[in-house]
2 protein chains.
Amino acid sequence: MHRHHLSQSGELSRSCCAEQGSPACSKAPQVSRVRVQLEMQALWQQFDQLGTEMIVTKAGRRMFPAFQVRISGMDPSAEYVLLMDFTPVDDKRYRYAFHSSSWLVAGRADISAPGRMHFHPDSPGRGAQWMKQTVSFDALKLTNNLLDDNGHMILNSMQRYQPRFHVIYVEPAPHCHSHAHRNFCSFSFPETQFIAVTAYQNHRITQLKIASNPFAKGFRTTDPQDW
Amino acid sequence: MHRHHLSQSGELSRSCCAEQGSPACSKAPQVSRVRVQLEMQALWQQFDQLGTEMIVTKAGRRMFPAFQVRISGMDPSAEYVLLMDFTPVDDKRYRYAFHSSSWLVAGRADISAPGRMHFHPDSPGRGAQWMKQTVSFDALKLTNNLLDDNGHMILNSMQRYQPRFHVIYVEPAPHCHSHAHRNFCSFSFPETQFIAVTAYQNHRITQLKIASNPFAKGFRTTDPQDW
DNA sequence: GGGTTGACACCTAGGTGGTAAGCT
DNA sequence: AGCTTACCACCTAGGTGTCAACCC
């Protein structure tokens, strides 16, 4: 209902080259074969169908669901840095119309400083390490505090964002004349788009959060099975 | 009371070379200037005077106090791996005599497999990173399970151990013919020696743990100030 | 008797949405 | 009216020593 973004991806795994639409890309072999699979995809899609909302607070709030991926196709012995950022989907500001239970455009978005990067705390690490288990960004926090000093991701409330995931291959002996663009690749999962909010707007989102986030168990009234 | 080891170090900071008693050591410059200072030294000494005991369990138990150090003298841009291990102080097995409140030798220690290494989870890291704040091994756990599968440190109960701390300089381009011995240095603080136990023996140790470990606050009867 | 184990109550530490008050 | 903030009760997750039971 009331979704504004592209249709969801049916792919189980995704490559950065395919995303560019270029069959023979000019990426370094250490990144060109990297495949990334979104974890908890079914849950993400459940939220996405309602229009995902993520709380932002001054102190910083975790995302739920957390952004987690399974990675394959890395060079096991090569070193990689993994990171995330968030790009505005558009320059619009949104407003939730309770009477119609839908999101409306409410003008132009505030101008915002260029987004921060969030490096996965285990970076840098070898390909073998990254591939052997799910890579989780569950420590990442979202804030609406423009002066945040804790390294959280700064977002504008009531604006729509697309989380992005980046894999950077760290060359053992970097060239002066670096071909940096060849050494990284990026991944976006449309079903992880969300609107940043300071308080939940859509009551069905609230209920799905309560039903699926263990930390919100205190607010459950019915069994999680009922969902 | 009843201490069997060497006298405590009065040094605030300690170098690996001085420990070897060699004024001109053959260490690489990246490690030869490294100084290490034990954090919470006063607390360690308080325990040491009573005869420190550390609980070991099948599932693994943290140390208290945790082994924490402040490091200086590293090459800020050089890469280091930090790790700990535990060496038996002797091959004796101890027994606590409640009537005399003292530790007695109770025979030969069990033979044990060579000790494990515990790599600090932030390893490898640059000198600048290690030096900018206290390096804590608070996630390290002790176990008496010889078949432990969780990477905990395996110790024999009723045996005395000396924690050791090692700094390894990671060469950017390692030589085939590696001078590995030049690239690391080790530190031992006598006041961190302890006897591994499955249950506390000396009641004064128990009381000091309760008084100083926040997680044991539930057992406090008097104010911590009284200590 | 000496040592070990596991269940337990009681903590620390921190992640939830609810709620009422505050801001613009 | 729309949005934000601070505080709160209620959780998860896991670190304490205690104690009774157990083993050798």
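Proteins get letters first, then strands, A, B, ... in listed order; numbering begins at 1 in each.
- Geometric assessment of A:R164 against the ring of A:F187 yields a negative cation-pi assignment under the 6.0 Å and 45° thresholds.
- In this model, the phosphate group of D:dG17 is approached by a side-chain N or O of B:R61 to a distance below 4.0 Å at OP1 or OP2.
- Taking atom NZ of residue B:K217 and atom P of nucleotide D:dT16, one finds them 14 Å apart after rounding to whole Å.
- Whole-Å rounding puts the B:R62 CZ to C:dC11 P distance at 19 Å.
- With a 4.5 Å cut-off on side-chain heavy atoms, A:N144 and A:N156 do not count as touching.
- The distance from atom NE2 of B:H203 to atom P of D:dT18 is 7 Å, rounded to the nearest whole Å.
- In this structure, CH2 of B:W103 is placed 13 Å from P of C:dG2, rounded to the nearest angstrom.
- Comparing D:dG17, D:dG15, C:dG17 by their nearest atom to the side chain of B:K141 picks out D:dG15.
- As a whole-Å value, the separation of B:L104 CG from C:dG3 P is 10 Å.
- In this entry the distance linking NZ of A:K209 with C1' of C:dG18 reads 15 Å, nearest Å.
- A cation-pi contact links B:K209 to B:F47, judged by a cut-off of 6.0 Å to the six-membered ring centre and 45° from its axis.
- A salt bridge is absent between A:R126 and A:D75: the closest approach of a Lys/Arg side-chain nitrogen to an acidic carboxylate oxygen does not fall below 4.0 angstrom.
- In this structure, CG of A:L142 is placed 14 Å from C1' of C:dG15, rounded to the nearest angstrom.
- Distance from the side chain of A:F215 is smallest for C:dG14 among the nucleotides C:dG14, C:dT12, D:dG17.
- Comparing A:G60 and A:T206 by the nucleotide of DNA chain C whose heavy atom lies nearest to each, the residue mapping closer to the 5' end is A:G60.
- Evaluated for a ring-ring contact (aromatic ring centres under 6.0 Å, His included) with A:H120, the options A:F67, A:F165, A:W130 yield exactly one hit, A:W130.
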Protein and nucleotides 3-9 of chain D: nitrogen or oxygen contacts under 3.5 angstrom:
from	atom 1	to	atom 2	distance (Å)
D:dT4	OP1	A:S157	OG	3.4
D:dT4	OP2	A:S157	OG	2.9
D:dT4	OP2	A:T198	OG1	2.6
D:dT4	O5'	A:T198	OG1	3.4
D:dT5	OP2	A:N144	ND2	2.7

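- Looking at B:E79, its side chain never comes within 3.5 Å of a backbone N or O of B:S77 through a donor-acceptor pair.
- A:Q162 pairs by the side-chain hydrogen bond (donor to acceptor under 3.5 Å, both in side chains) definition with A:T192, A:Q193, not counting sequence neighbours.
- As a whole-Å value, the separation of B:N150 CG from D:dG14 C1' is 15 Å.
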